[in-house]
Amino acid sequence: MLKFEQKLRGNVALGVNPLGCKQEVLNQIEYVKNKGTYQGPKKVLIIGASSSYGLATRISLAFGAGADTIGVSYEKGPKNERSLGTAGWYNNIAFREAAEKEDLIAKNFVQDAFSHESKQEVIEYIKNEFGGKVDLVVYSLASGRRTDPDTGETYTSAIKALGEPVVGPNINMQNQDFYTETLEPATDQEIAGTLKVMGGEDWQLWMEALKEADVLADGVLTTNYSYLGTELNRPYYGGGTLGLAKADCDEKAKTINAFLADINGKAQIVVATAVTTKASSVIPFFPVYCIGLYKVMTEKGTHETPIMHIDRIYRDMVYGTKAEYDEAGRLRPDSWELDSDTQAQTKALIQQLNKENFNTELAAYDILYKEFSILSGFMVDGYIEQDVTIEELKALEY
Ligand code: NAD
């Protein structure tokens, strides 16, 4: 019988509980089903579909709007008892099994989305087995590296400040420690690398390839998740390298809008709220902001997990009547986070935090840690321990 152990290196999860991941996918499906159905797209491509925002998008659209979905992600399967693979691998499988039970198509591509080959394989599949067209393309990639498909050069992103170093408190979930970190300003190379990896270039390449192949339906929509944040995290996010990458996505949205105009298509930047994900847990200082924010938002009844936030985005905003846009045309579901009283209370709270009290009921470290654990299949509500062998895990097909 396999033993699943939660192991961390800093704020990176190393262990996985495959059965816990499955239970969490089922929990999210249940959440969406309890909200009932909504009118939405029927054929959806999600790039970055295996965890957090991308997975939640897939679940909401499939189980809320009855969409067939294609999910592209980069995940690892099990090799042996010490190398069980990644959570996203098992999320993909659990999603496909559940969707197929409801006669929905759920095709998984587990490969490098940045390559030309991946784009062509997905296009062939859309043409030959997916009805020929998609009506929504969701771009939800988060990665630390990208190989340029034309030059073969590999770029690395760096989450850094610009100009001046930033000094502030951070949390290490492995040691349950609250400590002071200094974030050095990025070099020109790091700025360029972050733009290449987390900017909008690959989103544009996907949309160009899909348009060129004539697999976009008339009126197609493409969404891309951004984050703007507030003055509390501007020095290291909005005003840092990631902020530049997100601004690049804003620019690429304009380019995509221009070439989709003849098919009445639209590129939509969605400024999503701060949530606990694999990607956000390694942003320096961000966990401290989150434990303050989550505490305040939980008390106000506005704290959301990815599935809650994403389901509200598509059900109520994109395909509903409650959309809120800013002057730049971006969709702003993050208005609950940005609410002035929420921000003022968060600011006051995080100023009081220190080594001794960050893990007490003053803040929401407990919520952050639970949400982080759930990403790898631990601390999942409704999970019941079961026996499973490595052979059984290896036999699962994505
Ligand atoms: P995540 O790490 O949970 O998921 C990233 C996804 O990208 C996974 O499915 C992964 O398999 C996939 N991926 C990574 N590299 C790939 C590759 N080379 N080929 C194919 N797939 C690959 O990330 P997330 O936090 O859900 O972020 C998704 C988007 O949402 C990002 O643009 C992020 O900036 C944005 N966002 C996040 C937050 C937040 O607080 N987490 C807030 C607002 C916006």
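Any value given below was found using the heavy atoms of this structure, including those in side chains, with hydrogens, waters and symmetry copies removed. Just so you know, residue 1 is the first one in the sequence shown, and it goes up from there. First listed ligand is number 1; within each ligand, the first listed atom is number 1.
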Side chain, backbone, both or neither: which applies to Val275 and ligand 1 if a contact is any heavy-atom pair less than 4.0 Å apart? both
Please enumerate all residues that pass ring pair (Phe, Tyr, Trp, His ring centres under 6.0 Å) together with Tyr325, with sequence neighbours excluded. none
Any Gln111 heavy atom less than 4.0 Å to ligand 1: yes
Under 3.5 Å, is there a donor on one side chain and an acceptor on the other for Gln204 and Glu208? yes
Any idea which atoms of ligand 1 are less than 4.0 Å away from a heavy-atom of Ser50? 8 (C), 9 (O), 10 (C), 11 (O)
Return yes or no for this condition: an N or O of Val72 is under 3.5 Å from an N or O of ligand 1. no
Is it true that Arg58 and Thr69 share a donor-acceptor pair across their side chains at a distance under 3.5 Å? yes
A student comparing Val110, Leu228, Leu141 should find that the heavy atom closest to atom 21 (N) of ligand 1 comes from Leu141
Within 4.0 Å of some non-hydrogen atom of Asp112, the atoms of ligand 1 are 17 (C), 18 (N), 19 (N)
Could I get the full list of side-chain hydrogen bond (donor to acceptor under 3.5 Å, both in side chains) partners for Lys127, not counting sequence neighbours? none
Does Lys278 reach ligand 1 with a nitrogen or oxygen that is under 3.5 Å from one of the ligand's nitrogen or oxygen atoms? no
Pair Tyr237-Tyr227, ring-ring contact (aromatic ring centres under 6.0 Å, His included): steps then yes or no: CA-CA 9 Å; Tyr237 196 106; Tyr227 184 70; 4.9 Å; yes
With heavy atoms under 4.0 Å as the rule, classify the contact between Ser118 and ligand 1 as side chain, backbone, both or neither. neither
With a 4.0 Å cut-off on heavy atoms, is Lys246 touching ligand 1? yes
Atoms of ligand 1 less than 4.0 Å from Ala49 heavy atoms? 9 (O)
Side chains of Glu121 and His116, donor plus acceptor under 3.5 Å: no
Mark the output for Gly88 as yes if a heavy-atom distance to ligand 1 is under 4.0 Å, and as no if none is. no
No-hydrogen, no-angle side-chain donor-acceptor test under 3.5 Å, Tyr314 and Thr223: yes
Of the listed options (Tyr225, Tyr53, Tyr74), which comes nearest to atom 38 (C) of ligand 1 when hydrogens are ignored and any heavy atom counts? Tyr53
Using distance alone, decide if ligand 1 has a nitrogen or oxygen within less than 3.5 Å of any nitrogen or oxygen in Met198. no
Which protein heavy atom lies closest to atom 23 (O) of ligand 1, and at what distance to 0.1 Å? Ala142 CB, 3.5 Å
Would you check whether Leu242 reaches within less than 4.0 Å of ligand 1, judged by its heavy atoms? no
Is the centre of the Trp206 ring less than 6.0 Å from the centre of the Tyr139 ring? no
Under 3.5 Å, is there a donor-acceptor pair between the Ser60 and Tyr31 side chains? no
For atom 1 (P) of ligand 1, grab the closest protein heavy atom and report residue, atom and distance to one decimal in Å. Ser51 OG, 3.6 Å
Would you kindly specify which portion of Thr273 sits under 4.0 Å from ligand 1, judged on non-hydrogen atoms: side chain, backbone, both or neither? backbone
Under a 4.0 Å heavy-atom limit, does Tyr139 contact ligand 1 with its side chain, its backbone, both, or neither? neither
Which ligand 1 atoms does Ala272 reach within 4.0 Å, using its non-hydrogen atoms? 43 (C)
Given side chains that start at C-beta, do those of Asn27 and Gln23 come closer than 4.5 Å, heavy atoms only? yes
